[in-house]
Amino acid sequence: MYACLYLPGTPNGMPKQRLVALAREFSPEVEHTSADTVVFSITPLRAILGPPYQIASEISRRGYERDLNAHLAIAANADTAILLARQFAGVRLVASGEEASQLANLPLESLFAHDVPVDPTLLDILHQWGLKTCGDLAALPEAGVRERLGLAGVYLRNLALGHINRPLRIESQEAEYEEQLELEHPLDRLEPLFFLFGRALGDLCGRLRSQSQAARILDARLVLDGKPEYQCRLEFPVPLSDSRTMLKLLQLHLERHSPEARVMGFKLRIEPVVPRRMQNGLFLPPIPQPDKLQVTLARIAGLVGEGNVGTPQLLDTFRPDAFRLTTLNGSCFEQKPDDSRRQILRLSMRIFRPPVAAHVQVMDFVPRRIVAGDVKGRVVEWSGPWKTSGEWWSSHAWTREEWDVELDDGALYRIYRDVPASLWYVHGVYD
Amino acid sequence: MTEGANRLPVILPAARHTSTTQFVELHARSAFSFLEGSSLPEELAVRCAELGITAMALSDAHGVYGAPRFHMAARKLGVRALLGAEAATTDGSRYTLLAKNRQGYHNLCRLITRTKLRDRHRGKPENPVATQNDFAEFAKGLICLTGGTEGPLARVFSEHRGSAARQGVQKQVELLIRIFGKENVFVELQRHHRRKQEVRNQALVELARSMRLPLLATNGVTHAIAAKRKLQDVLTCVKYKTTISEAGRLLSYNAECHLKSSAEMNRLFADLPEAIAHTGELASRLSFTLEDLGYEFPHYPVPAGETEISFLRKRTDEGARRRYQPYSDKARRQIERELALIGKLKLAGLFPNRLGHCRILQA
């Protein structure tokens with residue numbers, strides 16, 4: 001059984017909140033049908049309050065106490081309750097099986113004022129057919145209605161009969177993933193702070209797990225004594241829900257970037273995501289645990305610098321050797337499809353990063369002699385120039401002329417000339 | 001990190017050539033290849049004149065819209081304007097077709113019209129595609145180049161490697177020979193200073209020699225001068241509905257797809273001088289220009305023993321006698337001048353037709 005509360009003439013949000021508050025006194029799950037209408041299930045209340053008329057009486061009493069002059073309708077399904085509550089003032093009770101007779105006298109317009117969108121031109125068609133009430137529409141044979149009006153017509157007929165049974169559309173409440181604490185005494189050491197972080201993260205992770213979610217970003221803000229707020233944002237490559245791992249990552253970060261003053265308080269906020277479920281294959285190599293991998297990466301980043309750890313990803317550009325480091329995640333361990341069909345004999349090249357500046361002697365536009373640190377010699381054979389240029393619209397514009405050269409010692413190198421700067425470099429050596 | 005290369009690329013002998021053979025650019029797109037060319041036909045003609053190129057073929061994508069403007073501009077500058085077009089095939093590649101004679105021009109126009117009409121029915125007039133049957137039907141009078149990056153051979157190379165690529169390319173060339181005839185198929189080579197392109201070129205040279213097909217050097221021109229590359233990049237972004245910073249490898253690899261002088265092309269193809277020489281030879285075979293359009297107005301059925309001009313002369317005389325009373329010498333001289341001009345322009349059949357229409361309207 002469902003109860004519908006309708007408060008006529010409620011354009012703004014305040015009465016809706018009062019309606020919702022009244023409905024929540026009877027059920028935790030309330031459908032906010034529209035600004036003036038709420039629906040909730042009263043089936044569990046039967047064991048507590050008794051039959052529907054007693055439940056209706058109790059709802060009316062509470063509404064009177066709250067000074068809410070709302071219409072109330074109780075029916076076996078939500079849509080019938082809504083239609084009746086919107087049409088009749090006071091209290092309306094419909095026993096199961098009597099929906100069609102109760103709805104029969106309702107004008108057809110009430111079906112089109114319902115919340116499910118129906119093509120309004122259908123109302124004109126029904127009027128042209130001479131139909132005035134829900135009872136008129138309900139009396140038509142279903143097959144005929146389907147044939148002439150399609151599924152929309154069948155839906156309207158079922159609505160007029162009170163035969164639509166659907167679950168309530170409940171909006172899930174946004175959970176808050178934020179913990180903050182103001183300390184009575186400022187902390188000048190990190191260990192006690194980590195202890196407090198551990199408790200706060202434990203609560204946050206518990207909340208995450210209860211909603212089947214995991215953390216993607218941890219945002220920590222520390223209120224410092226006499227200094228601007230300290231802020232750190234940890235973005236996890238793999239969503240986490242383990243508080244100990246998060247604490248460890250936060251600890252590693254704070255050890256690398258210590259706050260400049262004593263800590264007066266903190267706020268931890270988590271941005272949740274739905275965690276990725278992945279099943280390992282039987283014949284695939286074992287993948288490191290995501291949490292352990294992230295702790296290891298954070299330790300490496302502490303040694304080599306934060307921008308120097310990750311998965312290299314080629315950029316969509318013709319710029320030679322253009323890549324960026326992206327966050328390392330589990331996908332880099334996934335087995336790639338077999339590409340052996342496309343494999344052919346290739347020369348490999350070791351690229352010098354950064355490239356080695358070179359002095360190149362040019363004759364007839366062709367490099368003849370190279371001196372670049374250990375790389376030196378006379379050019380005995382060459383190919384090129386291979387020209388690339390791009391990003392002319394930005395400050396990163398490049399124009400290069402590459403040559404593949406064989407020196408008199410037999411080694412093969414790739415050299416290039418930065419055309420705008422007119423400088424030569426050794427880019428790499430062929431193995 | 002290591003980087004692969006198929007093989008050590010061949011040498012482009014930058015300064016090893018000595019003689020200069022006259023080069024004719026036979027594969028160029030203008031701005032009439034909508035969003036695939038950034039120079040107007042007039043700009044291409046002017047650049048040809050500046051570089052001393054005596055002839056150039058305009059081969060726009062899916063049309064010959066730019067040809068009249070190119071022809072007019074080239075005529076003023078003393079450049080011979082040859083005509084062609086790129087026609088898309090069902091496999092996504094394009095054949096570069098050049099009109100050898102008037103029949104070739106007619107066939108090219110018919111081919112393009114058919115593909116556009118057919119695809120209009122499918123709701124895609126911007127992507128006309130010709131089937132192999134279409135090509136076979138309209139192949140007469142046309143020369144086919146194997147194309148550059150968009151050509152059928154480049155497509156095979158992009159999809160296959162090694163022996164599979166060689167076999168695929170050979171099949172494609174055999175197909176072209178079946179359609180256009182062996183003497184009308186040229187293996188096109190372009191050199192834009194790209195490694196991959198050069199690897200492809202080497203395979204094509206090998207194939208052409210094994211199949212005894214002529215090599216032909218072109219530069220796959222999309223803009224008249226190197227500076228126009230920027231505009232071409234912007235047009236590419238418009239075509240793919242993206243921003244220039246996100247277009248990535250859709251943009252040009254470098255700024256080499258511009259018109260180049262004979263000296264420059266000779267230097268680029270110093271190891272393949274026949275590829276340059278064939279451009280001149282092929283250009284001399286392409287006898288068709290818009291000068292030879294050969295449009296004739298409909299003929300008028302005249303009685304036996306009459307020509308169109310004699311018939312027109314009689315009808316004019318009858319009309320003049322009615323109109324001019326008296327029929328003065330001045331009027332006679334004027335009419336005689338007009339009839340002489342009509343006879344010279346071969347418009348004699350047009351006026352009796354119009355006369356017939358007027359009589360029908362008067363009735």
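Reckoned from all heavy atoms, side chains included, excluding hydrogens, waters and symmetry mates. Each chain gets a letter, A, B and so on, in the order the sequences are listed, and its residues count up from 1.
With a 4.5 angstrom heavy-atom cutoff, A:Thr388 touches chain B via backbone and side-chain atoms both. When heavy atoms are compared at a cutoff of 4.5 Å, B:Ala164 does not approach chain A at all.
Counting heavy-atom pairs closer than 4.5 Å to chain B, the top residue among A:Lys387, A:Glu391, A:Arg400 is A:Lys387. The candidate with the highest count of non-hydrogen atom pairs below 4.5 Å against chain A, out of B:Glu246, B:Arg229, B:Gln197, B:His192, is B:Arg229.
Residues B:Leu44 and B:Met56 have side chains in contact (heavy-atom distance under 4.5 Å, counting atoms from C-beta outward).
Ionic pairing of A:Asp404 and A:Arg414 is present here: one or more N-O contacts between side-chain nitrogen and carboxylate oxygen are shorter than 4.0 angstrom. Between A:Glu235 and A:Arg233 there is no salt bridge, since none of the side-chain N atoms of the basic residue sits less than 4.0 Å from a carboxylate O of the acidic one. In this structure, B:Glu198 does not pair ionically with B:Arg195, as no charged nitrogen and carboxylate oxygen lie closer than 4.0 Å.
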